[in-house]
Amino acid sequence: MKTTETPAPPPAEPGASVSEVAAPVAGPPRRKKEGAVLNVFSHGVLVIWAIMVVTPLLWAVMTSFKDDSSIFGSPWALPDRLHFGNWARAWTEANMSGYFLNTVLVVGGSLIGTLVLGSMAAYVLARFDFPGNRFIYYLFIGGMSFPIMLALVPLFYVVNNMGLLNTIHGLILVYIAYSLPFTVFFLTAFFRTLPTSVAEAAFVDGASHTRTFFQIMLPMAKPGLISVGIFNFLGQWNQYMLPTVLNTDPDKKVLTQGLVQLAVSQGYKGDWSGLFAGLVMAMLPVLGAYIIFQRQVVQGLTAGALK
Amino acid sequence: MQHGKYRFIVGFLAVPLGLYALFVVWPFIQSIYYSFTDWTGLSPEFKMVGFDNYKRMLHDDIFWKSLQHSLLFALVLPIVTISLALFFAFMINVGGRRRRGGPAITGVRGSSFYKIVYFFPQVLSIAIVALLFQFAYNPDSGAINSFLRGIGLGHVQPLWLGDPSLALWCVMAVLVWSTTGFFVVLFSAGMASIPGELYEAALIDGASRATTFFRITLPLLWDTVQSGWVYMGILALGAESFAVVQIMTTGPGGPDYSTTVLVLYVYQKAFRDGQAAYATTIGVALLVVTLAFAAIVMRLGRRERLEF
């Protein structure tokens, strides 16, 4: 970002730093002065980074309402009027609706599958002692640090031989398999923190292991399931590498692929405004969900790394 | 809790483990095996060729270029991203000045606002981010060059992704843009758990903010920084760099192989050139690099930690 470091500071910034400087009254004078200079500098940097993060996103939203000629003629000018047609074209003609549907199906299926299978495996690994327990645990964990691309070459042919290539359910199974390492890692740690006494009491009362798991342990593990669920949702919704390799049928494409495909084909068709509308369309639901569930999203995404 | 225990264990593990073994473990084992064959991927026939693929790799200029770029990614990206994130997180959490009647240690004003905004790129798909910046970098009509013209720098109009000496840095900048926010939030969570008394004591002793950072914050945060470092390196070698390079650059990997990375080269050899066996050989090299990277960071980290 060599160039964007120099945008003119927005009007808000000098005002904010002036009030920052003026506010403190207490403290020895030397510290105050040094602190003030540092404060203006550091606050300025924070503001600049915030601008650098937000500008491309706002620019994309703005561009999605412009017509093609002004996108190329004057990228920074406001749209002459709101071209809602871009959005309609993207949704129907550029098949964004189809990509959305595919993504929802794939992510919905694989998210449920990941949570169910992941919590089953994690529960057994966390709570039961049996030969091979450690081995299986590390087998799962190892999957987190291996480059997935290495496995994708043979995987393509494994999936092809099973007749699962370019199918939604095939993609779901692969998504689940590649989400298991982190899910098992996270949920094993979580199940270990839950008290054993409740499960033992249920067992004494005659509940089977299976029933104890589904009726007692799963509800107790809800906070962990939510965190890891959000983590997997974002990872699977934004997944690009797996579908690029395993899902090449134009009708089955998911959002990320569809947008890239759209960008490539716009080179010939020239409907750039429609492409921007598509991009924004794909961005807004996740950004909206993030703003609403901000606390949970941040917890879900950072919890794993903090453990 | 013995009754039916093993039946239950098997019943619960069978499906997840089976799926994982079939789609993850088995392909990994296969790909190491395939790297010793001449399998094209197009026909089911192949024969063992020993180390031929590995010998070929050692004489493959594009492989060396990809390796070089991947190593650069693994080295530069974590350093830049984590330093930026540490600075931002420190400012957000500890950098604020004392307000009357408030706690001794606070973040700057609007700290929660910054945390929310900085995290935006993390929730977006790297594919969308790459597409967006591809437009921004466009030399004629892109946002960056037209911004430069707008502020009177009309003579500075780099080709960005079209310039072999700049393209790789453009790609890296996008990855920095999209990952820094995650680490800001991650480090903020870590900093929040550092007891405030430590900072108060440092302040009473007259420590400057830089001293406070290097003597208190960084050592106490070191574990988080280290795991973040490994995480970032794995991303930079794998999925993230694949998406950005494959979507943004011409070729992809161009111009003139100036942006090609190992993970992209594996993909191209396997699915574009029909050389699946050779692709797995490069993949094995990528695996070695990734594991070596993680081991080195862990090792360096341990030594660093003893100093404090």
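What you see is a predicted model; the values in this text were computed from it and never measured.
- Both the backbone and the side chain of B:Phe28 come within contact range of chain A, each with at least one heavy atom under 4.5 Å from a heavy atom of that chain.
- Contact of the A:Val53 side chain with the B:Pro121 side chain is registered, since non-hydrogen atoms from C-beta on lie closer than 4.5 Å.
- A:Asn238 contributes no side-chain N or O that, together with a main-chain N or O of B:Ile126, makes up a donor-acceptor pair within less than 3.5 Å.
- Under the 3.5 Å distance criterion, the side-chain polar atoms of B:Lys5 are left unmatched by any main-chain donor or acceptor of A:His209.
- Contact annotation for B:Lys115: only backbone heavy atoms (N, CA, C, O) come within less than 4.5 Å of a heavy atom of chain A.
- In this structure, the portion of B:Leu291 lying under 4.5 Å from any heavy atom of chain A is its side chain and not its backbone.
- In this structure, A:His43 and B:Tyr114 have side chains that are in contact, with non-hydrogen atoms separated by less than 4.5 Å.
- Between B:Phe87 and A:Val45, some side-chain heavy-atom pair lies under the 4.5 Å cut-off.
- A pairwise comparison of heavy atoms in B:Phe12 and A:Val124 identifies CB-CG2, 3.4 Å as the closest pair.
- Neither the backbone nor the side chain of B:Ala294 has a heavy atom closer than 4.5 Å to any heavy atom of chain A.
- No donor-acceptor distance shorter than 3.5 angstrom exists from the side chain of B:Trp26 to the backbone of A:Pro154, with no hydrogens or angles considered.
- Contact annotation for B:Val176: both backbone and side-chain heavy atoms come within less than 4.5 Å of a heavy atom of chain A.
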Tell me which donor-acceptor pairs under 3.5 Å the side chains of residues 13-25 of chain B have, and how far apart each pair is, sequence neighbours excluded?
residue : atom : partner  : partner atom : Å
B:Tyr20 : OH   : A:Leu139 : O            : 2.8
B:Tyr20 : OH   : A:Phe140 : O            : 3.2
B:Tyr20 : OH   : A:Gly143 : N            : 3.4

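- Residue contact with chain A, scored on non-hydrogen atoms closer than 4.5 Å, involves the backbone and the side chain of B:Leu124 alike.
- For a residue to count as touching a neighbouring chain, one of its non-hydrogen atoms must lie under 4.5 Å from one of that chain's; by this rule B:Phe271 touches chain A with the side chain only.
- The aromatic rings of B:Phe88 and A:Trp49 are tilted relative to each other, their planes meeting at an angle between 30° and 60°.
- For B:Ile247, the part sitting under 4.5 Å from any heavy atom of chain A is the side chain, from C-beta outward, and nothing else.
- B:Gln246 is listed as a side-chain neighbour of A:Thr244, based on a closest heavy-atom distance under 4.5 Å.
- Proximity to chain A is limited to the side chain of B:Tyr34, based on heavy atoms less than 4.5 angstrom apart.
- Note: B:Phe135 and A:Phe276 have tilted aromatic rings, judged against thresholds of 30 and 60 degrees for the angle between ring planes.
- Ring planes of A:Tyr157 and B:Trp39: perpendicular class, angle over 60° (limits at 30 and 60°).
- Of the atoms belonging to B:Thr290, it is side-chain heavy atoms, and not backbone ones, that fall under 4.5 Å from chain A.
- At a 4.5 Å heavy-atom cutoff, B:Leu262 makes no contact with chain A through either its backbone or its side chain.
- Of the atoms belonging to B:Val284, heavy atoms from both backbone and side chain fall under 4.5 Å from chain A.
- Applying the 6.0 Å contact sphere to CZ of A:Phe130 captures more than 12 heavy atoms from other residues, nucleotides or ligands.
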